[in-house]
Amino acid sequence: MNRDRLVHYVFEYGIVVVLAVLVLVFSLSSPSFFTASTLTTILSQVSVIGIIAIGMACVMLLGSIDLSVGATAGLVSVTAALLMSMGFPVWSAVILTLIVGIVIGLFNALSLTLFRIPSLIGTLAVMTALRGLAYLLSNGIPIYDIDAGFKQLAQGSFLSIPIPGLLFLGIFVVVAIVLNRAKIGRQIYGVGGNEEASRLSGVPVTRIKYFVFALSGLLAAVGGLLLLARTNSGQPSAGSGYELDVITAVVLGGVAITGGKGRLWLVLVGVLIMGTLSTGMVMNNVNDYVQQVVKGLILVAAVAFSQIAARSQGGRTITR
Amino acid sequence: MNRDRLVHYVFEYGIVVVLAVLVLVFSLSSPSFFTASTLTTILSQVSVIGIIAIGMACVMLLGSIDLSVGATAGLVSVTAALLMSMGFPVWSAVILTLIVGIVIGLFNALSLTLFRIPSLIGTLAVMTALRGLAYLLSNGIPIYDIDAGFKQLAQGSFLSIPIPGLLFLGIFVVVAIVLNRAKIGRQIYGVGGNEEASRLSGVPVTRIKYFVFALSGLLAAVGGLLLLARTNSGQPSAGSGYELDVITAVVLGGVAITGGKGRLWLVLVGVLIMGTLSTGMVMNNVNDYVQQVVKGLILVAAVAFSQIAARSQGGRTITR
Amino acid sequence: MVILQVENLSKKYGNFLALENASFEVKEGSVHALCGENGAGKSTLIKMLSGAIVPTSGRFVIDGVESTGMTPREAMNHGIRAIYQEFSLVPFLTVAENIFYGREPTRAGFCDFGKMKDDARALCREMGVEIDPGARVETLGVAQQQIVEILKAVSSKARLLIMDEPTASLTVGETQVFYDIVRRLQAAGTAIIYISHRLEEVFSLCDEVSVLCDGRMTATRPVEDVTRRELISLMVGRDLVESYPESSTAPGAEVLRVSNLENDRLHDVSFALHAGEILGFGGLIGAGRTELAMALMGELKIDGGTVLLRGADYRPRSSRYALTRGIGLIPEDRKHQGVVMSLSVKRNVSLGILDKLSNAAGILSRAREDEYYDKYATELAIKTATPNNLVSTLSGGNQQKVVVAKVLARDCEVIIFDEPTRGIDVGAKHEIYGLMRELADQGKAIILISSDMPELLGMSDRIAVMSAGYLVADLGRGEADQATILELASTKLAMEEGMQ
Amino acid sequence: SAGGTDAGQSDSPTDSSNLSMAFSGSELANPWVSTVKDGFEAACKDNNIRCTTLNAGSDVDKQVTDVQNAINGGQNAIIMNPVDGTALESVLTAGKEKGVASITVAQTADASTGSIYLDDAAYGEMIAENAVQWIKEELGGKGTVAILGEENIESSIARGDGIEETIKRELPDVKIVARQHANTPDLGLSVTQNLLLQYPDLNVIVAANDSGGIGAYQAFENSGLATDPQRGIFSGDKTDEAIKYMSIPDSIYRGTVDLQPYNAGYAAVEMALQQLKDGLPAEQERQQLEMTPFTQEEALATK
Ligand SMILES: Nc1ncnc2c1ncn2[C@@H]1O[C@H](COP(=O)(O)OP(=O)(O)OP(=O)(O)O)[C@@H](O)[C@H]1O
Ligand SMILES: Nc1ncnc2c1ncn2[C@@H]1O[C@H](COP(=O)(O)OP(=O)(O)OP(=O)(O)O)[C@@H](O)[C@H]1O
Ligand SMILES: [Mg+2]
Ligand SMILES: [Mg+2]
C-alpha cells in the first residue's frame, strides 16, 4: 500500500519531477547553477510572470481566460512612470495604478457577465485597446524620470531574498489560502466546475466573476509596477506577450482550461520550470533560437509526462 | 410573423450588420473607400488571415485551439524561400512546404490524442519551437533569392480580383461545403458538441482530430506561402501574432470556443470586419495608437451586439 | 396547513408555451406528486418555484409570501430546496463541500472543514447512507452522486422540498433508503413535491397527485381516489394497456458467446446470447453491468477471455468497430453519452448513420437523411416542434428516444439497452418495451441492463445477475423473482466482506 | 497591375498645405524609431502637411498592408523605416506610378524614391570602437565581453556582426563569452543577470541598442557593480535614457552612438517635399545617415 501511495504521488505531481530533473541537469552542466545567488535570481526573475500567473490561475479555475494581463502590466508601468515623472509621490502613483488594474479587471468581468462576451475575445479586445493606450500615453518613448526610491521595490532584498521574490511568495501564500480555505475560494472552484449548479445553490456567481477578474487585473498591475521597478523605466511595450508565458505556466501547473480543477502550488512549480529553463539555457550560452526550440519541446514533454501519469491513475478525461 | 422573422435574422446575424455599418461609415468619411480597387485590396489583404482562420474555425468547432498557425506560416515562408534559393523549382518547394504544414498539424493532433495534452498548451509549445526553428533555418536573416515568377501568386489577379483573394474565397467555399454537406463536416460538429456521445455513435473521433489539425496546418502553410509571395522574402518573423488575429476573427464570427457551434460564413464576415477596420482607419488618417484602441473597442462592441442579439432570441448559454 | 399555493403560473419559451396557467396547492407534511408525459412541463413548473427560471406570468404564495418569481437564493431563504433532474454537483469539490455548497460554515472567515465533514457524516448516519464525506464527487458513481444530491437538499431545514425524478438513477437498495428519508421528512412536517415516472412510487409515497398534460394541469386528486389506470389515462389522454409484450418466437441461433471475460472490473464473465431473445442483466449499483457493455463496445479494454460473434472471434477496439459489426449501445447517461446537445434533433439521429446517408465522396444526401429521420421519428413518436430544433430543447424522455432512434437506424443485430427507460414517461416506456420485443421478434439479440425490477422481470427472457464484477447466475424466466435476484446480487459482496 | 481609380492624386502640388504624408515605423516601441517619427511630425507641422503615423510592430506584412492602404488612401508621400525593404517593392512601385514619393530611413528599399540609409555594419563597428578604446586604455586589452544583439531583425544582425568582428579583430586577448538576443530593457536585465551568475567577472556588455544596454545597466546596478571601474556598457542610439545613466559620475555606462533620428525624420520629409515639387526622380536619391560616437566624457560635460 505504501509503495502504491508513493507511485501515486510521483505520478500525480509529475510536474515536480520535471522541475527536479531540470535543476539536476543544469546543476551538472554548469557549476554556478545550484548556488544561492542563482536560485534567488531565478526567483526574482520569475516573480512578475509568477504574480500574474496567480491571477490567471484563478481566472482559469473559473473556466475563463484573461488575455489582457500583459497589456495591463504595460499600461500600469507607463502610467506609474508618468505619474512619478509628473511629481506624484510614489505611494499615490502605486495606489492609483493598482486601481487602474482593478478597474480593467472589473471591465473584463463586466463584458463577460453583462454583455456575455466570451472572455477569450473580450480580454483580447481589451488587450489591443490597452496596448494602444500605453503607446498613446507614452508617445512610444520610455519614461524614465521615476522616483529613485521606487526601484528598491525590485532591487532591495530581505534576508537575502529579493523583494520581488518575497512579494511573489507572499501573494502566492495568501491566494493559496483563500482558494483552499476561504468560502470564496471554494466557490471559485464551484463556479468553474458547474456554473449552473452554483447559481442554483445560491452562490453569487456574478460577484465571484467580478472578484476574480479584479484580482487578475490587480495582480497584473502589481506585475507592471515590478517591471517598472526592475527596468527603472516605463516601457509602453512592457509585458508584451506575457499572457502566453503566463498561460503556459498555469497550464503546466495542471489547471484545467475548462475550469474547476487545479492546484495553485503546482502553478508555482510551473512558473519555476519556465524560469529555470530560461536562466539555465542562458548560463549555458544556448543560442536564442535553439532556446526557443528546446523550450517548446520541453513544454510538450512536461505536459505529456504529467498527462500520461494522470491517465495511468485511471482518470479518463476528455482533452481538447 | 414576417416582421418577426426579419427581426430574427437581423439579430442572429448581428455581425453582418456591424460590417455593413463599418463599410457605410468609411464610405462616407473617405470617398476612395467604396471603390473596386479598395475593396479588392481589402480582400487580398485579409486573405492570409482569412485562409488561416478557416482552418482555425474548424479546430475551434472541435472545441480545440491551434496556436501554432502563425509560427507554421513563418516556418513555411522561410523554408519555401530557402528551397527556392537553393534552386528547387517552385512547384516542388510549394508541395514540400505544404507537406510541412500538414505534418505540423498531424503532430499537434498526435500530442492531443495520444499524449492527451490540451491543445491550448500543446500548440503553444509547438508555436515556440517552430518560431525558434524558423530563426535557426534562416539564421535570423530574410531570404530573398526566390523565384521571380512565384510572387505572381500574390501580385497577379484574375478578372481583376487578386489571386490571394480568389484563393481565400475558393478555400472558403470548399471548406464551407465540406462542413455543411459532407459526412466529415457533420462529424466535426458532433465531436465538438459531445465527444463522448459521438464516439459511442461510431464517429472516428481520433481520425477526425487528425484531419482537422492537418487541415489547419495545411491552411497555415498556404498562408505562409502567400506571405512569402506578398513580401517577396522569407521572413523568420512572418506571421508573428497571427494566431491572435485569427482567433479574433473566428470568435467574431460567432464560433463557440467550447466547440460544436458556429457558421463558417460568419467567420468570413468576421475576417472582413478586421480588414475593413484596418484599411478604413488608415485611409482616414487615424494614428496607429488610436487605431489599436478603436479596434479593441469595436471588437468588444461587435461581439457584445451579437451576444445581446442572440440572448434576446431566448438562447440562454453559459459564457466564459 | 397550506404551505404553497400556485396560481396560474405560465412559462413561454419563444412562442412555445411550456406551461400554461398551472394552479395547485401543497399542504404541510404532505407529498404531492406531479405526473405527466415527457415534456409535459413538470420540470419547468418546479424550476419556477425554486428560482431556477423566471415565470412568464402568474404567481405563487410560499408560506404567506407572494411572489412572481424569485432568485435561487430567495427561494432558499423561504425554505424551498430542490433536487433537479440534471445533476447539480461540483466535480472537484468533496461530498461534504457539495452538501454545504453556497452556505459553508465558517470560522474566523474561513471554511470550517472539520465541522463540514462532521455534519456531513452525521447527516449520512441519520439518513442511513454510507458515503465518505471527504471523497471528491468526480470519483463517485451516478447513484452515489444522486444520493449526495439528496443529502444536499435535505441538509438544511426545508419547508418545501422539490424532487425531480430522484430515484431515476438509484437501484433497489438505495431506493429503499431513499423512501425512508422521504417518510422521515414528511413526518417532520416538510411539504414535498415529487416528480416521478415510476407510478408505484406515486401510490406508495404520495398523498396527492397533479397531472400535467401538454403544459396544462388537467387534474389534482388525492392519491387514494385514483387508480393506476386512471392516472395513466389522465397523463396520456387515452387508455393504455399496461402489460409487457410477450415473446412470440423461440430463441434462435447463438449470436454472441462471451467466455471468461476479464478486466479491471470484470471477473470471469461468461454467457451466451441468442437471436430473438432479451437477456436481462440485474445487479446492484457498481456490479459492473455498464462496464460489461462498454467492454463489448470496445470502449474498455479486455484483458482476458474470448468473445465470439456469430461464431467468429470478436475483438472490439471501439464503438465504431462494434457498430460496423452489428453491436449497438444505448448508453445509460444520455446527457453525456447519448445526445449532442448543440445539434438539432435530426442531426443527432443522423450522426450514427452518416455512412448510410453519404455517397462515395462523403457528401450527404439530404433527401435520404429526411427519409431516415421521418421513419424513426414516427416509429418512436419523438415529440419536437420541428426536426431542426436543438435536442437540448427536448424533454428528457424525448431525448432518450432520439438516442434509441440513432441506434435503431444502424440495424444492429445485437442491441444493448443500458437503463433505457430511465426518466421516461409511462407511455413512452411501453412504446420502448413494444419496440424491444418487436426487435427481438425480428431476430435481433437484445441485452437489457436495468435497475427497474418490474421492468427487468417483465421484459427479460432470461436474467443474468451480476455482483461485484462476477456473473453469478443465469436464470430462466420461471426461476427469477425480485427476492432471488436481490439475494444473488449481493453474494459476492457478502463473500468479500467475509474475507476481510 | 494597380488599376482602378486615381483618387487622391494631386497634379504637381505647389502649395504644401493640401498635402498629406504618412510615416510607417518598423517598431514604434523602439525609441529611436519613435524619435524619427517626432522629426517627421515636426517637419510636417512646419510645412502645414497633414500627417499620419503607422506602426508595423516588426511585422513585415503589416507594413506592406499599411503602406498599401496609405497609398490607396491618397497620401502624397510615405516616409518609412522598413522592417524589410524587399517586401515593399511592389507596393512602392505601384505608388511611384501614382506619383507618391517614398523615402526610407535607416533600412532601405530598392523601389523607394529616396533613401536616408544606415550602414549597419559600420554602425556596429562604431559602437564596438567605443568599447575597444576603453578596454585598451583601462583593461590593457584584456577581459570578458558579452554581446546583446537584436537577432530578429536582419539589419540589426549585421550590426551585431559588426560589433563581434571589430572586437575580435582589435582585441585578440578579449574573450567573448556570449552573444544573446536582448533588445529590450526587460530582456537586457534578465539576460545580463543570468550571464553574471555564470561569469561573475564579466567586464563589458556591448549592446546593439540602448534598450538592451539599459537593461544590462540595471543588472549591474542590482549587483552593486554600477560604478565598478573594471566594467563597462556600450550601446547605440543615444537615447535620453542612456545619456541619463552615462551622466552619473563613475557610471559604468560608457558609450553610445548618435544616429540623429530626429534630423533623419525631418530630412526625409524635406526630401519628399522636394521630390513632389520637382517630380519623382528616375534614380533613387540617396543620403547617408549621420553617425557620431558619444562618450561618457561628453555626457558629463554637457550635464
Ligand atoms: N430552454 C428551453 N427552451 C425551449 N423549450 C424548452 C426549454 N426548456 C424546456 N423546454 C420545453 O418545455 C417543455 C416542458 O419541458 P420539461 O422539462 O418541463 O418537461 P418534463 O415534464 O419535466 O419532462 P420529463 O419528464 O421528460 O423530464 C418541453 O417540451 C421542452 O421541450
Ligand atoms: N468500487 C468502485 N470504485 C470505483 N468506482 C466505482 C466503484 N464501484 C462503482 N464505481 C463507479 O460507479 C459507477 C457505476 O458502476 P457500474 O457502471 O459498474 O454499475 P452497473 O452495474 O452498471 O450499475 P448501474 O448500471 O445500475 O448503474 C461506475 O461509473 C463505476 O466506475
Ligand atoms: Mg423533467
Ligand atoms: Mg450502469
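Sequence lines set the chain letters: A, B, ... in the order given, protein chains first and strands last, and positions in each chain run from 1.
- Using a cut-off of 4.0 Å between Lys/Arg side-chain N and Asp/Glu carboxylate O, Arg231(D) and Asp228(D) are scored as salt-bridged.
- Leu67(A) approaches Thr123(A) most closely through the heavy-atom pair N-OG1, 2.9 Å.
- Proximity to chain A is absent for every atom of Val33(D), based on heavy atoms less than 4.5 angstrom apart.
- Looking at Ser278(A), the atoms closer than 4.5 Å to chain D (heavy atoms on both sides) all sit in the backbone: N, CA, C or O.
- For Tyr289(A), the part lying under 4.5 angstrom from a heavy atom of chain D is the side chain only.
- For the pair Ser211(D) and Asn183(D), the minimum side-chain heavy-atom distance is 4.5 Å or more.
- Heavy atoms closer than 4.5 Å to chain D are found in the backbone of Val286(A), but not in its side chain.
- Contact tally against chain D (heavy-atom pairs below 4.5 Å) for Ser237(A), Ser240(A), Ser30(A), Gly156(A): the top residue is Ser30(A).
- No donor-acceptor pair closer than 3.5 Å links the side chain of Glu150(D) to the backbone N or O of Ala182(D).
- Both tests pass for Lys238(D) against the ring of Phe294(D): distance under 6.0 Å to the centre and angle within 45° of the axis.
- For the residue pair Gln63(D) and Ser24(D), a side-chain donor N or O sits within less than 3.5 Å of a side-chain acceptor on the partner.
- Between Glu164(D) and Lys168(D), at least one side-chain nitrogen of the basic residue sits less than 4.0 Å from a carboxylate oxygen of the acidic one, meeting the salt-bridge criterion.
- Interface remark: Tyr135(A) contributes side-chain atoms only to the contact with chain D (heavy atom separation under 4.5 Å).
- Taking chain A as the reference chain and counting heavy-atom pairs below 4.5 Å, the highest number among Lys244(D), Glu221(D), Gln180(D), His181(D) is found for Gln180(D).
- In this structure, the portion of Asp38(D) lying under 4.5 Å from any heavy atom of chain A is its side chain and not its backbone.
- Counting heavy-atom pairs under 4.5 Å between each of Asp186(D), Asn194(D), Leu196(D) and chain A puts Asn194(D) at the top.
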